[in-house]
Amino acid sequence: MSDEPTADTDRESVDESADASPYTLQRDDDEHRAFWADAVADRVEARDPEEPIVVKGGISPSGVPHLGNVNELMRGYYVAEVLRERGHDVRQVFTADDRDPLRKLPRTLCDLEGELVDLGEVDAGALGRNLGAPYTDIPDPFGCCDSYGDHFSTLIADSADAVDVPIELVSNTELYESGELEDVTRFVLENRDRAREVLSEYQDKVDASYVPFNPICEECGKITETVTDVDLGVEPATVAYRCTDMDAGDRTVDGCGHEGTATLREGKLPWRFEWPAQWKVLGVDFEPFGKDHAEGSWPSGQDVARNVLEIEPPVPMVYEWFTLEGEPFSSSAGNVILVTDVLELIEPAVLRYFFAKDPAKARDFSIERLDQLVDEFDRLEAIYFDEIEADEDETAFAKRVYPLLVDEPRAERVRLPYTFAAVLGMTDDPALREEIARREGHVPDDAPEWAVEGALARVERARTWARRTENEFDYELKRTEIPDHDFDPATEAALAELAEFIEAGHGPEEIQGEIYETAKRYDVDVGEFFGAGYRLFFDEKQGPKLGPFLAKVDREFVVDRLRRER
RNA sequence: GGGCCGGUAGCUCAGUCCGGCAGAGCGUCUGGCUUUUAACCAGACGGUCGCGUGUUCAAAUCGCGCCCGGCCCGCCA
């Protein structure tokens, strides 16, 4: 942290690494990087890591895997990709921290298809009886997976697939049961005095009786906190425990009072030790984490790593949380959105772009204003292909990041502006959509087939967006049935004359003009006359620019509808 | 109480590391597209850079003190 020269070369490595701030993405002597992941990669390389380099993330499979979880995935992914570009072999490991106990009942769950399900629709009683037990020991409420933990781990894996991030999903329970964590667990217990000493700097509750191991009660299956004895002299090593009450959030999970023994595979390390233990066992070189860990888990974690486990902690990076529509993600409050839902609204590349932005800034993911995010992405893409001018910084960022967002940069791609795509979504006729897009100049004449397909795929997404948000683009051509209406005679006569005009065959702008003219001739208020049109075609008071729209819908239908014959 | 991150146009954000004319997109307004009707084009408007203070020829940028929002000091993306 200090620039002062160090006299003792012996201490240099210690000084350099001690108190590593998880916030600073680069040091003073680093060259400036357009993309934060490059700055992180510089620091990972500075460790001179062994191949393969390991990038880790992890979450508790506690419930609906929402967009917040994708943050953890994507932040690691960019660093992994940058390191791969530099010729390194990189593993992106993701732990499902599935030996963690269920602390409270989620109000909302979801099945493997991503359908949200209220807690009341599953066997809530069975879940309630399992409060305090590891996720992997709780039956899957949907009955489709081996356990509650497996169910939601599967969904995490699906999320990673959906954004095309290759991860190795590692079950924490599996690490304990297979014995992979046994040596480090034993080491912590052998050195529990030192462990206590280190952790007591961070947690007041750590006293002389503290034992850094939480056995699973063989009687009731819950994670317990009261270890009464440790015996490392037998094989396998065991701890003796008494199943006591455990604090879990605002409530207490009752212990059953059972006294028994457990092996080191039949329990877990407390989080403050478990995290560094994962670093050691998995050989982690870089780990991003939410800001919640920045001031608690991370300072104690790196201390435990160096002074208990005697390993160098990974390069850290804090990312800010983001909100959904201005509110925190919350499965209990129903403020969640799954990755699969998001991908029905925007292309994967756009979602990936969202997570490429500065991790230090809190952001809002707004479905309402999703068009803004898409516009931003389109701009980045256009800058990448030198189609528009931008300043130095923005250009550098675009050039660096864009190739990481798409499978393959292809200059011939075609993007319809998102809100325009939403307008096209008012009709479900694919040919009509393409025709209007071409007429408006959004599709070049020589655009290849795949590019046109890609452009029109956005129409479906924008249509889904308009429907979901019920916004100003949520109009639907009412083809099958004529909407209820009530016009005065003058309006009816004007509509009849407009029908004749259109039947005779005129262009989009001519029709637009004729709407005004007809209204005037029959002394109908222009606004009301447009309103009548929107009523007939959309069952709404407002809509898209009417002339061009009607000109493109098949003429017979338009004429009949204006005459209110169908 | 102590610590950390953020605060830039109505909105979403770049720019802060490295001090050098305050920027982009959207929105708004005006005009154009044959005549108010949400797509397209042009232009304009829009800012005490959270507040104060120090350093400097020069501060959004560096220092210090505050304010506001969030987070941590139990568990937890």
Side-chain angles (χ1 to χ4, degrees), chain A residues 21-33 39 57-63 65-73 75 97 100-101 103-104 156 202-205 246-249 270-272 288-300 318-323 328-329 331 357-358 360-364 366 369 371-373 375-376 378-379 383 388-394 397 416-417 419-424 426 436-437 439-442 471-473 475 509-510 512-517 519-520 526-527 529-531 533-534 541-549:
Chain A
S21 165
Y23 295 101
T24 315
L25 283 176
Q26 53 210 105
R27 293 193 302 263
D28 292 343
D29 53 350
D30 286 336
E31 69 175 295
H32 177 61
R33 293 294 199 173
I59 61 170
S60 290
S62 55
H66 51 69
L67 257 193
N69 306 123
V70 181
N71 207 4
E72 180 104 352
L73 280 168
R75 300 302 185 178
D97 295 328
D100 292 1
R103 287 199 150 75
K104 64 176 182 182
I156 291 164
Y202 304 92
Q203 293 190 340
D204 291 342
K205 72 168 184 178
M246 187 180 76
D247 289 336
W271 168 247
R272 295 296 179 99
F289 43 86
K291 66 169 173 180
D292 52 336
H293 288 309
E295 303 305 322
S297 308
W298 170 251
S300 73
V318 173
Y319 56 82
E320 269 284 343
W321 287 350
F322 60 91
T323 51
F329 280 96
S331 57
K357 297 164 75 152
D358 185 355
K361 302 236 181 184
R363 288 170 207 287
D364 184 43
S366 172
R369 288 167 303 188
D371 55 312
Q372 286 194 4
L373 180 65
D375 286 347
E376 251 183 64
D378 288 353
R379 178 179 166 82
I383 292 169
I388 55 176
E389 296 280 323
D391 67 39
E392 204 178 324
D393 290 322
E394 198 178 3
F397 185 76
L416 304 177
T419 53
F420 177 69
V423 171
L424 293 186
M426 292 173 192
I436 298 175
R439 193 179 66 77
E440 294 295 328
H442 289 296
N471 64 7
E472 67 267 39
F473 300 100
Y475 299 114
E509 292 307 321
E510 289 173 314
Q512 181 72 10
E514 183 63 15
I515 296 173
Y516 287 98
E517 294 299 335
K520 281 184 192 169
V526 170
F529 194 52
F530 271 98
Y534 293 126
K541 290 187 190 120
Q542 294 183 328
K545 194 167 178 180
L546 205 49
F549 195 89

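As the structure is a computational prediction, the values presented were derived from the model and not from experiment. Each chain gets a letter, A, B and so on, in the order its sequence line appears, and its residues count up from 1.
Every residue two or more places apart in sequence or in another chain was checked for a side-chain hydrogen bond (donor to acceptor under 3.5 Å, both in side chains) with A/K361, and none qualifies. Take A/R369 and apply the salt bridge (charged side-chain N to carboxylate O under 4.0 Å, His left out) test, not counting sequence neighbours, and it matches A/D364. In terms of the side-chain hydrogen bond (donor to acceptor under 3.5 Å, both in side chains) criterion, residue partners of A/S300 (sequence neighbours excluded) are, by chain and number, A/R272. Qualifying side-chain hydrogen bond (donor to acceptor under 3.5 Å, both in side chains) partners for A/H293, counting only residues two or more places apart in sequence or in other chains: A/S297. In terms of the side-chain hydrogen bond (donor to acceptor under 3.5 Å, both in side chains) criterion, A/D292 has no residue partners (sequence neighbours excluded). Taking the side chain to side chain contact (heavy atoms under 4.5 Å, CB included) definition, one finds that A/E295 meets it with A/Y23, sequence neighbours left out. Judged as a salt bridge (charged side-chain N to carboxylate O under 4.0 Å, His left out), and not counting sequence neighbours, the contacts of A/E394 are A/R379. With sequence neighbours left out, A/D100 forms a salt bridge (charged side-chain N to carboxylate O under 4.0 Å, His left out) with A/K268. A search for side chain to side chain contact (heavy atoms under 4.5 Å, CB included) contacts involving A/K357 returns A/Y353, A/R363, A/E376, not counting sequence neighbours.
Here A/G513 lies in heavy-atom contact (under 4.0 Å) with a base. Here A/Y475 lies in heavy-atom contact (under 4.0 Å) with a base. If you check every strand for non-hydrogen atoms under 4.0 Å, A/E394 touches nothing. A/R75 comes within 4.0 angstrom of no nucleic acid atom, judged by non-hydrogen atoms across all strands. Heavy atoms of A/G57 sit nowhere under 4.0 angstrom from any nucleic acid atom. Using a 4.0 Å heavy-atom distance criterion, A/N71 is classed as making no nucleic acid contact. Across all strands, A/Y534 comes closer than 4.0 Å to base atoms (heavy-atom distances). Across all strands, A/V70 comes closer than 4.0 Å to no nucleic acid atom at all (heavy-atom distances). Counting non-hydrogen atoms under 4.0 angstrom, A/Y319 reaches the backbone sugars and phosphates but no base.
Spacing between atom CG of A/D378 and atom P of B/C26 amounts to 11 Å, rounded to whole angstrom units. As a whole-Å value, the separation of A/I388 CD1 from B/A24 C1' is 10 Å. One interatomic measurement links the two molecules: CG of A/D375 to C1' of B/A39, which rounds to 13 Å at whole-angstrom precision. Here B/U35 presents its P atom at 10 Å from CD of A/E517, a figure rounded to the nearest Å. Rounded to whole Å, the distance from CG on A/D358 to C1' on B/C17 is 12 Å. Separating the CD1 atom of A/I383 from the C1' atom of B/G23 is a distance of 13 Å, rounded to the nearest angstrom. For A/D204 and B/G1, the CG to P distance is 18 Å, given to the nearest whole Å. The distance from atom CZ of A/R272 to atom C1' of B/G74 is 9 Å, rounded to the nearest whole Å.
The line from CD1 of A/I515 to CZ of A/F529 is 7.0 Å long, rounded to the nearest 0.5 Å.
Base pairing of B/C71: its partner is B/G3, meeting the Watson-Crick or G-U wobble criterion (both donor-acceptor distances under 3.5 Å). A 3.5 Å limit on both hydrogen-bonding distances identifies B/C51 as the Watson-Crick or G-U partner of B/G65. Across all strands shown, nothing is found opposite B/C45 as a Watson-Crick or G-U wobble partner with both distances under 3.5 Å. Of all nucleotides present, none satisfies the Watson-Crick or G-U wobble test against B/C18 with each distance under 3.5 Å. Under the Watson-Crick and G-U wobble criteria, each requiring two contacts below 3.5 Å, nucleotide B/C33 is left unpaired. Judged by Watson-Crick or G-U wobble contacts below 3.5 Å, the nucleotide B/G23 has B/C13 as its partner.
Side-chain atoms of A/Q512 and base atoms of B/U34 include no donor and acceptor less than 3.5 Å apart.
Remark: the separation of the C1' atoms in B/G6 and B/U61 is 16 Å, to the nearest Å. Separating the C1' atom of B/C5 from that of B/A22 is a span of 24 Å, rounded to the nearest Å. Atom C1' of B/U12 sits at a distance of 15 Å from the matching atom of B/U28, rounded to the whole Å. Taking atom C1' on both nucleotides, B/A59 is separated from B/C11 by 27 Å, rounded to a whole Å. Taking atom P on both B/A39 and B/C26, the two are 12 Å apart, rounded to the nearest angstrom. Distance noted for atom C1' between B/U8 and B/G25: 15 Å (whole Å). Between the P atoms of B/U48 and B/C40, the separation comes to 30 Å (whole Å). Spacing between B/C57 and B/G23 at atom C1', rounded to whole Å, works out to 25 Å.
In terms of heavy atoms, A/D97 sits closest to A/S60 at O-OG, 3.7 Å. The shortest heavy-atom contact between A/P299 and A/A294 is CD-O, 3.3 Å. Considering every non-hydrogen atom in both A/G533 and A/L546, the closest pair reads CA-CD2, 4.0 Å. Heavy atoms only, all atoms of each residue included: A/Y319 and A/N71 are closest at CD1-ND2, 3.2 Å.
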Pairs under 3.5 Å (N/O, protein and nucleotides 42-46 of chain B):
none

Any N/O pairs under 3.5 Å between the protein and nucleotides 69-71 of chain B? List them or say none.
| unit_1 | atom_1 | unit_2 | atom_2 | d |
| --- | --- | --- | --- | --- |
| B/G70 | O2' | A/K291 | NZ | 2.5 |
| B/C71 | O4' | A/K291 | NZ | 3.4 |
| B/C71 | O2' | A/K291 | O | 3.4 |

For nucleotides 9-12 of chain B, list the nitrogen or oxygen atoms of the protein found under 3.5 Å from its nitrogen or oxygen atoms, one pair per line.
| unit_1 | atom_1 | unit_2 | atom_2 | d |
| --- | --- | --- | --- | --- |
| B/C11 | O2' | A/R369 | NH1 | 3.1 |
| B/U12 | O4' | A/Q372 | OE1 | 3.1 |

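Comparing B/A39, B/G74, B/A14 by their closest approach to the side chain of A/V423 singles out B/A39. Of the candidate nucleotides B/G6, B/C76, B/A24, B/G6 has the atom nearest to the side chain of A/K361.
OP1 or OP2 of B/C75 lies within a sub-4.0 Å distance of a side-chain N or O belonging to A/Q203. Between A/R33 and B/C18 there is no side-chain polar atom (N or O) within less than 4.0 angstrom of OP1 or OP2. Residue A/R103 has no polar side-chain atom (N or O) positioned under 4.0 Å from OP1 or OP2 of B/G74.
If you look at A/F329 and A/F322, their ring centroids are closer than 6.0 Å.
Remark on RNA chain B: of its neighbouring residues A/S62 and A/V526, the 5'-side contact belongs to A/V526, judged by nearest-heavy-atom nucleotide.
Note: A/F420 and A/H442 have tilted aromatic rings, judged against thresholds of 30 and 60 degrees for the angle between ring planes.
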